[in-house]
Amino acid sequence: MASGYRDILQRLRLSFPQPVSDRVHDSYFVHSIMRALDQVDALKSELPILGDAVTLDYRHAREAVLPDHSSSVEEVTSHLVDHLRGMTIFGHPRSQQNVVPPTSIPSLIGVLLASQYNANLGSDEYSRLIAVAEVEAASITARMVGYDPETCGGVFTFGGTGTMLYGVKIGLEKACPGSMKNGLCSEAVLIASDVSHYCRYNVGGWLGLGTNNVVAIPSSEDNSIRLDALEAESRRLLEAGKRIAAFIATLGTTDAFGLDDLEAIVRLRDQLVEDYRLPYRPHVHADAVIGWAWAVFNDYSWEENVLGFRPRTVRALAGAQRRIRHLGLADSIGIDFHKTGFCPYISSLFLVKDRKDFDLLSRSPEQMPYLYHFGEHRPGMFTLEASRGGAGAMAALANLLLFGKEGWQAVLGHLVEMTQMLREHLDGHSSTTVVNRDNFGTVTLFRAYPDGVDTFTVPRREFREADFRESLLKHNDYNRRIAAYLHEEALAGRGVVISLTECYRHTPYGLPIVALKSYILSPFVDEDNVALLVQKVLEAREHI
Ligand SMILES: *Cc1c(COP(=O)(O)O)cnc(C)c1O
């Protein structure tokens, strides 16, 4: 028999946290979360995944319909937990898959709190002190990377892609004033290296520049932008009458941790303004979504090395910091806490050196008649997003407080130490070669070679000489097979989950270089896990 709506409503009311203190119901809320976590715990084993590897059944998923009747919290919970089966445990010591961090407890609590009270950062009217938390997190980070919190601005947004979108949009308004209102004035370009993140095409396409106007500058073997090529191409573009919406400096490329020379790029920009008497200053956006965290080493004394890192680690950390310390020179910076900040997706911060740059994006109040009448802090006046949740900001603030400078140094230092150890192990075998040798992050790209290949010369020649194209392609395939073997073994509990990149970069003669990729981002990784990976790679060579 159907129940009256009041009965149904009463049941559903119990599925919400109670608006007025009710200790009994509170414990039901906590208990519901605990039960969910208990069920997740039951999926854990020694494996780096939850439960077993599952095949994904999209056909079944497409048959899903809205149930006729309401479900209990417990039923929903079980259903949701079921969707975690087969998920990689990114915090597992035998997980080195990609730039996906495990998430800390305080950051999860930050998300829960902001979500429970559903803060909207559009205006402090709707987020109160959580709007202040955004400013707090932005200010801490700004100081860290070398901005002045008194004059800079910061908003959390929808991913590293969003940070680049904001940077380039501001740059576009500078290069082509009035674009927001009138549309693009003339052809504007966006300039970045060929190993910068592919989101530059989204940004160029979605902003109306057109992806053809996203200019790729070749990178050096250390995966940083080639300054000679950047200068030549910039001059050519300006002489052809193009406007430069932005230079993107990547500080920490996704696949190899290449670091562009931001200081030189800013200097080049200034020179171009002078040489061509440009009526605008081309915007320099630092895509530091991965590299920003290294700023915690800006005042670390490498000589004293009080935290006791090994010499190889010190060298790698210092090597990265020497580029990161210039972040403050950029006009804007993109920062992902959901990458090297151990926060859940999405927690991305866009920082702009001069807060007034946000005015370039402001809408007039008449365009938003029903909003923003109250509150004094109203980022919604210029953000792309209308609703903007507080979870990212609260999660970031949580981890900034949790780690503190020393904690970040210890964790990042450890990850780099493990990475260096992996490279040491790989270097110790004649059949494996590290290919991003000159990069200092926590990602290692390497290739394995079959017996009889001289790895002192062959890899280098494959990467440079067109005569070696057959050899390159053959070994690309060889490494794909190694990856497949490693993957299968890891899922059976006998190895380490890593990944494969189909194109870590192109050879000068235009072919993609395939590489095995270890991304160490779990604080739980230790030396035995690193040694195990190398052992499994050697074993894979015997099996394929
Ligand atoms: C991941 C990444 C991006 C894109 O960030 P999302 O948060 O995935 O949108 C941009 N640039 C670099 C260098 C990245 O690694």
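Remember, it's 1-based here, ligands and their atoms both numbered in the order they're listed.
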Nearest to [atom], what protein heavy atom do you find, and at what distance?
atom: atom 12 (C) of ligand 1; result: Val289 CG2, 3.3 Å
atom: atom 10 (C) of ligand 1; result: His197 CG, 3.3 Å
atom: atom 7 (O) of ligand 1; result: Gly160 N, 2.7 Å

Is the distance between the ring centroids of [X] and [Y] under 6.0 Å?
X: Tyr300; Y: Trp408; value: no
X: Phe403; Y: Phe342; value: yes
X: Phe297; Y: Trp302; value: yes

Give the numbers and elements of all ligand 1 atoms closer than 4.0 Å to a heavy atom of [X].
X: Gly252; result: 13 (C)
X: Cys199; result: 10 (C)
X: Gly159; result: 7 (O), 9 (O)
X: His338; result: 7 (O)

Using a 4.0 Å heavy-atom cut-off, say whether Lys339 meets ligand 1 through its side chain, its backbone, both or neither.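 Looking at Lys339 and ligand 1, just side chain atoms fall under 4.0 Å.
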
Partner set under side-chain hydrogen bond (donor to acceptor under 3.5 Å, both in side chains) for Asn529, not counting sequence neighbours: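 Asn529 satisfies side-chain hydrogen bond (donor to acceptor under 3.5 Å, both in side chains) with no residue once adjacent residues are dropped.
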
Check each of Asp336, Thr254, Ile335 against atom 15 (O) of ligand 1 and report the one with the nearest heavy atom.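 Looking at heavy atoms only, the winner is Thr254.
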
Would you tell me which option among Ile290, Val100, Asp287, Ile248 has the nearest heavy-atom contact to atom 11 (N) of ligand 1?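 Of the listed residues, Asp287 has the closest heavy atom.
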
Assess whether salt bridge (Lys or Arg N to Asp or Glu O under 4.0 Å) is satisfied between Arg388 and Glu134, documenting all intermediate values. CA-CA 11 Å; Arg388 202 161 54 85; Glu134 176 177 46; 2.6 Å; yes

Measure from the side-chain N and O atoms of Tyr147 to the backbone N and O of Ala330, and report whether any donor-acceptor pair falls under 3.5 Å.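 Checked: pair present.
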
Is there a polar contact, in the sense of an N or O pair closer than 3.5 Å, between Thr250 and ligand 1?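 No: no nitrogen or oxygen of Thr250 is under 3.5 Å from one in ligand 1.
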
Does an N or O anywhere in Thr161 fall below 3.5 Å from an N or O of ligand 1?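 Thr161 vs ligand 1: N/O contact under 3.5 Å present.
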
Consider only side-chain N and O atoms of Thr157 and Glu385, and report whether a donor and an acceptor are under 3.5 Å apart.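 Their side chains do contain a donor-acceptor pair, which is all the 3.5 Å distance test asks for.
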
Out of Arg460, Arg437, Arg464, which one pairs with Glu221 under the salt bridge (Lys or Arg N to Asp or Glu O under 4.0 Å) rule?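 Running salt bridge (Lys or Arg N to Asp or Glu O under 4.0 Å) over Arg460, Arg437, Arg464 with Glu221 returns exactly one hit, Arg464.
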
